[in-house]
A.B. asks: 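One structure, as structure tokens, below. Some questions next.
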Amino acid sequence: RKENKKSFFFLCSQGITRQDLDDALAYFRQNSTAVVHYTIKDNKIYGVVYGQYKGFKKFVDEMLLTLSWRVKLPDVEFLFNMGDWPQVSF
């Protein structure tokens, strides 16, 4: 598992490409227990849940909405893992 973590942190430090995000989305569509694909565009928040645990999304939504009311959020796209670390393996 240390190799996977090292690779992940290396990837983040080098920048994540669109292909990296697409590959991760393809993986999580099939193997996720609780991952949200968020897109923030023009200070509006969009999220699609992958996995069986969809209820936890509301907590992240509330946090992002509160931030969006106070500051202008940058246009960004990211994955948010709501599952516990052992539930997701690479």
A.B. asks: Mind checking what makes side chain to side chain donor-acceptor pair (under 3.5 Å) contact with Glu62, not counting sequence neighbours?
C.D. replies: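 Once residues adjacent in sequence are excluded, Glu62 has no partner under the side chain to side chain donor-acceptor pair (under 3.5 Å) criterion.
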A.B. asks: Ile45 versus Leu65: any side-chain heavy-atom pair under 4.5 Å?
C.D. replies: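 Side-chain contact under 4.5 Å: yes.
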A.B. asks: According to the salt bridge (Lys or Arg N to Asp or Glu O under 4.0 Å) rule, which pairs have a member within residues 39-48, sequence neighbours left out?
C.D. replies: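 Sorted pair list: Lys41-Asp75.
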A.B. asks: Search all heavy atoms of Ser68 against all heavy atoms of Leu73 and return the closest pair with its distance.
C.D. replies: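 Result for this residue pair: CB-CD1, 3.7 Å.
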A.B. asks: Got a sec, which residues hit ring pair (Phe, Tyr, Trp, His ring centres under 6.0 Å) with Phe78, two or more places apart in sequence or on another chain?
C.D. replies: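 Testing Phe78 for ring pair (Phe, Tyr, Trp, His ring centres under 6.0 Å), a comparison that skips the adjacent residues, returns Tyr38.
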A.B. asks: Holding to salt bridge (Lys or Arg N to Asp or Glu O under 4.0 Å), I want the full list of residues that pass it with Asp61, two or more places apart in sequence or in another chain.
C.D. replies: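 Scan of Asp61 (salt bridge (Lys or Arg N to Asp or Glu O under 4.0 Å), adjacent residues dropped) gives Lys57.
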A.B. asks: Count the heavy atoms of every other residue, nucleotide or ligand shown that sit under 6.0 Å from NZ of Lys72, and state whether that count exceeds 12.
C.D. replies: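 Yes, the 6.0 Å shell around NZ holds more than 12 heavy atoms from other groups.
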A.B. asks: For Leu21, which residues count as a side chain to side chain contact (heavy atoms under 4.5 Å, CB included) partner, sequence neighbours excluded?
C.D. replies: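 For Leu21 the side chain to side chain contact (heavy atoms under 4.5 Å, CB included) partners, ignoring immediate neighbours, are Arg18, Leu25, His37, Glu77, Leu79.
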A.B. asks: Linking I/L/V/M/F/W/Y whenever any side-chain heavy atoms sit under 4.5 Å apart, do Met63 and Val71 land together?
C.D. replies: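 Yes, because Met63 and Val71 connect within a single hydrophobic cluster, where side-chain heavy atoms sit under 4.5 Å apart.
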A.B. asks: May I ask whether Trp69 and Tyr46 are part of the same hydrophobic cluster, defined by side-chain heavy atoms of I, L, V, M, F, W, Y residues being less than 4.5 angstrom apart, directly or through others?
C.D. replies: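 No: no chain of side-chain contacts under 4.5 Å links Trp69 to Tyr46.
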